[in-house]
Amino acid sequence: MTFRRVRAIAKKELLQIRRDPMSLAMAFLMPVMLLFLFGYAITLDVDHLTTMVYDLDRSLLSRELVAAFRESGYFTVIAEAGRPEDIDHALDTGKARVALSIPYDFSKNIKTGKSAGLQVIVDGSDSNTATIALGYVSAVTSLFSQTRGMGRNRTLIDPRIRVWYNPELKSRNFIIPGLIAVIMTVIAALLTSLTIAREWERGTMEQLISTPVTTQELILGKLIPYFLIGFIDMAISVLIGTLLFGVPLRGNIFLLMALSGIFLFGGLSLGIVISISARSQLLASQISMIATFLPAFLLSGFLFAISNMPIPLQVITYVIPARYFITILKGIFLKGSTLQFLAVETVLLTVFGLAVFALANRKFKKRMT
């Protein structure tokens, strides 16, 4: 392998990219667009739950309870029901997600030291939102009882809860790093999946085959320009995540970019394998999207915990590189992790990259068959 030949192939690929506006747009605009789109669209925060109130007591305490729900920031009281049928209609039409029914003897029971009932009806068509809403209800009612002196019994346990790494529990702080991994997985494979296929479609592969360029030189030369583009895309994504979305970057930026380079090498090599196998740009792009986006989105731990998946799917996740890259990104962004704590993921990404690069060299043959 000679550096001169690799440089010549890389220069040729850069010229093709520069002369193809669509490739440039896909290389630089698509990651930004996807990050904006998914970054603002995907959120697991549950707040501003539309709430209907049916207050039969109409006392000072019942109004204070409703105010406590409203001031919590999690509930938005949209209307007061005049009859039980109004609650049914609001929940059936989706106008309200939560309904509070305060009985007529609410304040009387509290003043006499009895247990005051409160009926809470939650729309369970979205089980995740319903579960979180019930937790909010429990927290608001517990705080209301304590501040009004209703919790007279001494509790045996006084928990002092502290959340590390994401104290405000903002879903954006762990969604954005995972989203960067998913986007870079798709972009890396999609960019290089068109390189070899483009040569076959344009009829220029015959000229490359007739040159003394070896298989390793050809593949490496085609990887280098897209590696640089992917590196720039990664830097742009990190800037958008930290400056626009406000995700904290507590770790070493140089370690982040170095490990991102290892991940990009594997992703780009996977795109080369797809391009060699497909020989058609349309087919190659379709295969790369299916082979990267769905696994990275669903089976990498991005949105769904791997430990909650069925055992067969958990086994499959071990061959998905995005799983390890997401762990790296979340570790460096949120925990400030060093290489010592990310050594396993780094080694596995390196093995994946070398294995896919070797597979690309094995599959590509310099002959017209």
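Note that the numbering runs from 1 along the sequence shown for the chain. Just so we're clear, the structure is a prediction, and the values are computed from it rather than from any experiment.
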Is there a path of hydrophobic side-chain contacts, each under 4.5 Å between heavy atoms of I, L, V, M, F, W or Y residues, that connects Phe304 with Ile326? yes
What is the distance from atom CD1 of Ile9 to atom CG of Leu14, rounded to the nearest 0.5 Å? 11.5 Å
On a heavy-atom basis, which atom in Arg172 and which in Tyr40 lie closest, and how many Å separate them? NH2-CD2, 4.2 Å
What I want to check is whether the side chains of Glu13 and Tyr226 have a donor and an acceptor closer together than 3.5 Å. yes
Between Arg362 and Thr215, is there a side-chain heavy-atom distance shorter than 4.5 Å? no
Could you walk me through whether Phe69 and Tyr74 pass the ring pair (Phe, Tyr, Trp, His ring centres under 6.0 Å) check? CA-CA 7 Å; Phe69 275 89; Tyr74 299 116; over 10 Å; no
To the nearest 0.5 Å, what is the distance between CG (Leu35) and CD1 (Ile183)? 4.5 Å
Check whether any side-chain heavy atom of Phe106 lies under 4.5 Å from a side-chain heavy atom of Leu65, and answer yes or no. yes
Checking Gln281 side chain against Ala197 main chain: does a donor-acceptor pair fall under 3.5 Å? no
Spacing of Asp92 atom CG and Ile87 atom CD1 [to the nearest 0.5 Å]: 11.5 Å
Could you list the residues that satisfy salt bridge (Lys or Arg N to Asp or Glu O under 4.0 Å) with Glu345, not counting sequence neighbours? none
With a cut-off of under 6.0 Å to the ring centre and 45° to the axis, is Lys330 in cation-pi contact with Phe174? no
Quick one: closest heavy-atom pair of Met52 and Ala90, and the distance? CE-CB, 3.5 Å
Could you go step by step and tell me if Val140 and Phe75 meet the side chain to side chain contact (heavy atoms under 4.5 Å, CB included) rule? CA-CA 10 Å; Val140 171; Phe75 300 90; 4.2 Å; yes
Val238 and Ile253: CA distance, side-chain angles, deciding distance, side chain to side chain contact (heavy atoms under 4.5 Å, CB included) verdict: CA-CA 9 Å; Val238 171; Ile253 183 64; 4.1 Å; yes
Kindly indicate whether the side chain of Asn173, heavy atoms from C-beta on, has any atom under 4.5 Å from the side chain of Tyr165. no
Atom pair OG1 (Thr327) and CZ (Phe325), whose distance is rounded to the nearest 0.5 Å: 11.0 Å
Does the distance from a Lys or Arg side-chain N to an Asp or Glu carboxylate O, for Arg58 and Asp55, drop under 4.0 Å? no
One should read off an interatomic distance between Gln340 CD and Thr346 OG1, to the nearest 0.5 angstrom, of 12.0 Å
Is it true that Val182 and Met33 fall in one hydrophobic cluster, defined by side-chain heavy atoms closer than 4.5 Å? no
Please report the shortest heavy-atom distance between Lys111 and Leu61, naming the atom on each side. CE-CD1, 4.5 Å
Ile320 and Pro295 have their tightest heavy-atom pair at CD1-CB, 3.8 Å
Would Leu118 end up clustered with Tyr104 when hydrophobic side chains under 4.5 Å apart are linked, directly or stepwise? no
Using the rule that two of Ile, Leu, Val, Met, Phe, Trp, Tyr join whenever any of their side-chain heavy atoms come within less than 4.5 Å, decide whether Leu239 and Val247 are in one cluster. no
Heavy-atom count check: over 12 atoms from other residues, nucleotides or ligands less than 6.0 Å from Lys12 NZ? yes
Might you work through the side chain to side chain contact (heavy atoms under 4.5 Å, CB included) test for Glu199 and Lys222, ending with a clear yes or no? CA-CA 11 Å; Glu199 301 288 355; Lys222 286 187 170 295; 2.8 Å; yes
Calculate, to the nearest 0.5 Å, the distance between atoms NZ and CD1 belonging to Lys363 and Ile274 respectively. 11.0 Å
Does the side chain of Phe357 come within less than 4.5 Å of Ile219's, by heavy atoms? yes
Can you find a heavy atom in the side chain of Lys108 that is under 4.5 Å from one in the side chain of Ser59? no
Cluster question for you: counting only ILVMFWY and a side-chain heavy-atom cut-off of under 4.5 Å, with indirect links fine, are Ile180 and Leu342 together? yes
Hey, is CD on Glu168 packed in by over 12 heavy atoms from elsewhere, all under 6.0 Å? no
Taking side chain as C-beta onward, heavy atoms only, is Ile328 less than 4.5 Å from Leu349? yes
Just wondering, are more than 12 heavy atoms of other shown residues or ligands nearer than 6.0 Å to CZ in Phe245? yes
List the residues meeting salt bridge (Lys or Arg N to Asp or Glu O under 4.0 Å) with Asp57, not counting sequence neighbours, and say none if there are none. none
Which heavy atom of Ser288 sits nearest a heavy atom of Ser193, and at what distance? OG-OG, 3.7 Å
Are Ile187 and Met30 side-chain neighbours, meaning at least one heavy-atom pair lies under 4.5 Å? yes
Side-chain donor-acceptor pairs of residues 256-273 under 3.5 Å, sequence neighbours excluded:
residue	atom	partner	partner atom	Å
Ser260	OG	Leu256	O	2.6
Ser269	OG	Phe265	O	2.7

Parallel, tilted or perpendicular, judged at 30° and 60°: which one describes the rings of Phe297 and Phe38? tilted
Could you walk me through whether Leu194 and Ser285 satisfy the side chain to side chain contact (heavy atoms under 4.5 Å, CB included) test, starting with their C-alpha distance in whole Å, then the side-chain angles of each, then the deciding distance to 0.1 Å, before giving a yes or no? CA-CA 7 Å; Leu194 307 178; Ser285 61; 4.1 Å; yes
Other residues, nucleotides and ligands only: do more than 12 of their heavy atoms fall within 6.0 Å of CZ on Arg18? no
Do Tyr54 and Gln119 have side chains that approach each other closer than 4.5 Å (heavy atoms only, starting at C-beta)? no
Nearest heavy atoms of Ala133 and Leu49, plus distance in Å: CB-CD1, 3.6 Å
